[in-house]
Protein chains: 2
Amino acid sequence: MLNNKHDHSVCVETALESAQKICEERETRFTPLRRRVLELVWSKHEPITAYEVLDMLSEGKKRVAPPTVYRALDFLVEEGFVHRIESLNSFVGCSDPAHKHQGHFMICTKCSNVTEMNEQSLHNVIENAAKENGYSYENSILEIAGVCENCRA
Amino acid sequence: MLNNKHDHSVCVETALESAQKICEERETRFTPLRRRVLELVWSKHEPITAYEVLDMLSEGKKRVAPPTVYRALDFLVEEGFVHRIESLNSFVGCSDPAHKHQGHFMICTKCSNVTEMNEQSLHNVIENAAKENGYSYENSILEIAGVCENCRA
DNA sequence: TGATGGCTTGATATTTTATAACATACAGGG
DNA sequence: CCCTGTATGTTATAAAATATCAAGCCATCA
Ligand SMILES: [Zn+2]
Ligand SMILES: [Zn+2]
Ligand SMILES: [Zn+2]
Ligand SMILES: [Zn+2]
């Protein structure tokens, strides 16, 4: 994923097809707008802001308004196709949309690439920490900043 | 800390005195404004927004401008007296300002109380996760949403 | 067929959060 | 006192998000 040399169009295609399939299963509506916004979020492996999506979405056509983008993003986040990165006010495509989950991320401070960690063990540790502090667990965000392997090489 | 019955003025006093002492050690300037903003952040155990601080700071006197508050908050966060809660765009007093660290939090979705977790083990797990994913570790945010003991009782 | 109701998108305005840029004040060292 | 660096004041604006109401679309059913 962090390898710059991969054929990224494959990532995008896979994400779109998965989303399509999951929406059919869940009987939710994968409209052209939502599809297009998901495609734009996946246009890179870096987080993208709502307003960047808005600009890209507006290219050529009449400029769309913020609610159009935010509503589509809300849907995609709700369905688990996209995660929001709180520390960056940004969004990134989920690497495992088939299983709804909380996103736990590594963020490279040099190249801005993001790696999603889908480790159950990490999730367990977090959920236990909640219980040990007397809280019921609802959800969590974990965003780790560091420098990725590529950038240190 | 989550116990509503504690004498909160003690929390505030302790926080202000600690900050004063630490600033003397570090030879940084704990100005009246910074002191006042820290006091306001500590006015409750819930996260507080910059604009709430701004409103409280402005009571009576001429209204202060946003940069005044943000600069004071930047200083307090920098010194480790206050943590920023990314998922709420808010700030909360640090429970252990003597040792600079990353804030890891539990946030009650019912009463908005926040509990800071100062567990080294949790920190170690997170730092290891970074290394296992090929990242160097710089810092991290962990914000867990759930319902606190009080609110479930 | 065409009325109905629910969801989706469009459009306008505004709110909330945060920063840029430049001016003034103020403390400490010469 | 003057100089210098830090802190604060002031004005303006940028960036991020939401409230509200209108219009479009589509499936269902009278
Ligand atoms: Zn994911
Ligand atoms: Zn990198
Ligand atoms: Zn702390
Ligand atoms: Zn609670």
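Side chains are part of it too, since the values below use all heavy atoms of this structure and drop only hydrogens, waters and symmetry mates. Convention: sequence-line order gives letters A, B, ...; per-chain numbering from 1.
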| task | Going 5' to 3' through nucleotides 10-27 of chain D, assign each nucleotide B (protein heavy atom under 4.0 Å from a base atom), S (under 4.0 Å only from sugar-phosphate atoms) or - (no protein heavy atom that close). | result | BB----BBBBB-------
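Under the side-chain contact (heavy atoms from CB on, under 4.5 Å) test applied with A:Q120, the options A:N118, A:N124, A:L122 reduce to a single match, A:N124.
In summary, A:R35 and A:E39 do not engage in a salt bridge, as defined by a charged side-chain N under 4.0 Å from a carboxylate O.
In this structure a side-chain-to-backbone donor-acceptor pair under 3.5 Å is present from A:S90 to A:L88. A donor-acceptor pair under 3.5 Å is absent between the side-chain atoms of A:R36 and the main chain of A:L57, judged by distance alone.
B:Y135 and A:I141 fall into different hydrophobic clusters, where Ile, Leu, Val, Met, Phe, Trp and Tyr residues are linked whenever their side-chain heavy atoms come under 4.5 Å apart, directly or through other members.
Nucleotides of DNA chain C lying under 4.0 Å from heavy atoms of chain B occupy a range whose first and last members, 5' to 3', are C:dT17 to C:dA21.
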| Where do A:E119 and B:E132 land on the side chain to side chain contact (heavy atoms under 4.5 Å, CB included) test, with the steps shown first? | CA-CA 11 Å; A:E119 292 150 44; B:E132 278 162 24; 4.1 Å; yes
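In this structure, B:S121 and B:V125 have side chains that are not in contact, with every pair of non-hydrogen atoms separated by 4.5 Å or more.
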